[in-house]
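Note sheet for the following structure.
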Amino acid sequence: MAERSDEVKLLGMWASPFSRRIEIALTLKGVPFEFSEQDITNKSPLLLLSNPVHKKIPVLLHNGKPISESLVILEYIDDTWQNNPILPQDPYERATARFWAKFVDEQIYVSAMKVVGKIGEERDAVVEATRDLLKSLEKELVGKDFLGGKSLGFVDIVATLVAFWLMRTEEIVGVKVVPVEMFPEIHRWVKNLLELGVIKKCYPSRR
Amino acid sequence: MADEVILLNYWPSMFGTRTMIALAEKNIKFDYREQDLFNKSSILLEMNPVHKKIPVLIHNGKPICESLIQVEYIDEAWPGKNPLLPSDPYQRAQAKFWGDFVDKKVYGPTRLIWGPKGEEQEAGAKEFIEMLKTLESELGDKVYFGGETFGYVDIALIGFYSWFDVLEKFGNFSIELECPKLIAWAKRCVKRESVAKSLPVSEEITKFVPELRKKIGIE
Ligand SMILES: N[C@@H](CCC(=O)N[C@@H](CS)C(=O)NCC(=O)O)C(=O)O
Ligand SMILES: N[C@@H](CCC(=O)N[C@@H](CS)C(=O)NCC(=O)O)C(=O)O
């Protein structure tokens with residue numbers, strides 16, 4: 001349980017979609033935290049000490065105790081600060097949410113990273129593969145405001161990676177991976193996200 | 001309402017083994033349905049349209065995919081008997097971290113070890129031992145990964161135990177020499193009825209892997 005004296009520190013990176021997830025969850029729960037910007041090209045002793053296994057951000061330090069891996073951290077936050085729950089109560093719905101979160105990280109993200117790394121015909125193939133994966137998400141959104149249903153939930157927070165990392169990176173890379181004609185539901189969902197105070201705060205629009 | 005529980009599985013799978021152990025820990029009867037992965041059944045395609053993989057747990061008609069998610073689901077849906085995850089949020093997070101570690105870091109190298117011979121195989125062997133050592137140091141002097149009671153991380157890892165013999169054969173190493181404490185842990189786990197009755201027999205995996213290599217055209 002949260003206490004008044006809670007000391008919450010996030011080792012993160014402004015540009016990392018993984019670290020943004022944690023900011024969103026903490027902001028949603030109204031948990032004050034200190035943000036410590038990390039340089040992953042020159043890892044700090046605190047990062048190496050806190051996440052010796054993967055040596056990656058984000059790491060959440062709660063009263064000095066480290067937790068790594070964004071999906072694990074999100075669940076920890078939900079278990080520790082129980083107001084504004086992000087995961088549903090029902091075991092089946094929880095399992096479904098975890099399934100989609102894993103899908104975003106292990107399939108969509110992995111595939112999207114290849115789009116960033118490839119050029120020419122090879123890129124066309126991975127763009128196609130990424131779109132195939134995104135179709136599952138598109139289908140999930142039919143008839144819903146958010147992936148979590150009526151309000152922002154666990155999968156939405158995880159999938160901000162698609163909304164604000166992939167869909168902004170595609171402009172930089174110069175290839176539209178998620179065109180509105182093909183993914184109207186995803187675009188509608190991004191609009192819904194942008195109307196939320198917590199998103200405005202954690203993902204300010206760039207212009 | 002009587003629970004109807006079905007498991008779609010393929011016997012050598014270290015993933016399916018996890019789900020079987022979790023069900024056994026909770027004393028849940030289930031209908032086991034062996035799947036042919038080279039000729040996927042319509043029920044598998046219907047129940048896991050995204051990945052088309054086993055294991056799939058079907059509870060009262062509703063499918064749950066991904067073995068570690070199934071283990072957690074089983075713990076949440078049948079909370080009374082033998083809790084598999086700790087209730088303390090921090091301990092729970094640690095358990096999930098290590099379960100995820102097994103999936104991200106242990107499985108990949110095992111594929112390289114029994115895959116095509118060559119540099120990749122050597123790199124796989126090195127990586128595998130290194131990852132087991134990381135796990136061994138996390139285990140430390142505890143009885144199980146979670147302390148005194150058998151749970152989530154034990155379940156995540158023990159499914160690989162039946163594969164150890166064949167991995168040693170292909171990778172030219174001895175896990176017992178490299179990680180004696182981990183082997184002692186595995187032997188403790190196997191004493192549990194839930195594990196003993198769910199784990200595939202080592203010798204059968206050792207016979208199965210060369211056949212699999214032929215089937216997928218490695219040999
Ligand atoms: N699975 C991790 C991914 C985190 C991740 O990829 N972090 C990157 C920055 S965006 C990192 O720290 N990379 C440093 C490195 O790989 O050395 C999570 O969900 O937290
Ligand atoms: N992450 C999955 C992995 C499951 C998996 O890899 N299943 C394999 C058999 S061990 C499978 O069904 N493969 C069929 C295929 O890839 O077509 C889990 O934990 O359940």
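Chain identifiers are assigned alphabetically (A, B, ...) following the order of the sequence lines, protein sequences preceding nucleic acid strands; residue numbering begins at 1 within each chain.
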TODO: Go through the steps to decide whether B:Lys62 and B:Glu4 satisfy the test salt bridge (charged side-chain N to carboxylate O under 4.0 Å, His left out), and finish with yes or no.
DONE: CA-CA 10 Å; B:Lys62 294 194 288 187; B:Glu4 187 200 48; over 6 Å; no
So what's closer than 4.5 Å to chain A heavy atoms on [X]: side chain, backbone, both or neither?
{"X": "B:Asp88", "result": "neither"}
{"X": "B:His59", "result": "neither"}
{"X": "B:Pro49", "result": "neither"}
{"X": "B:Glu138", "result": "neither"}
{"X": "B:Trp98", "result": "side chain"}

- [ ] Measure the spacing between CD of B:Gln70 and CG of B:Leu23 and express it to the nearest 0.5 Å.
- [x]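 Going from CD on B:Gln70 over to CG on B:Leu23, the span is 8.5 Å.
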Open item on the list: Any carboxylate oxygen within less than 4.0 angstrom of a Lys/Arg side-chain nitrogen, looking at B:Arg192 and B:Glu25?
Closed with: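 Looking at B:Glu25 together with B:Arg192, the answer is yes, because their closest N to O distance falls below 4.0 Å.
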Task: Heavy-atom pairs under 4.5 Å with chain B, option from A:Lys65, A:Lys102, A:Arg94 with the top count - done: A:Lys65
Task: Top contributor to chain B contacts, counting heavy-atom pairs under 4.5 Å, from A:Ser136, A:Pro66, A:Pro52, A:Ser68 - done: A:Pro66
Open item on the list: Go through it in stages, so that I can follow the logic: the residues are B:Lys133 and B:Glu136, the test is salt bridge (charged side-chain N to carboxylate O under 4.0 Å, His left out), and I'd like the CA-CA distance, side-chain angles, deciding distance and then a yes or no.
Closed with: CA-CA 5 Å; B:Lys133 285 192 171 162; B:Glu136 188 177 48; over 6 Å; no
TODO: Anything under 30° is parallel, anything over 60° is perpendicular, the rest tilted; go ahead and classify A:Phe103 against A:Phe99.
DONE: parallel
Open item on the list: Quick check on the interface: out of B:Pro63, B:Pro79, B:Ala77, B:Cys65, who has the most heavy-atom pairs with chain A under 4.5 Å?
Closed with: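 Of B:Pro63, B:Pro79, B:Ala77, B:Cys65, B:Pro63 has the most heavy-atom pairs under 4.5 Å with chain A.
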Open item on the list: Could you check whether any side-chain heavy atom of B:Tyr107 comes within less than 4.5 Å of a side-chain heavy atom of B:Met14, counting everything from C-beta outward?
Closed with: yes
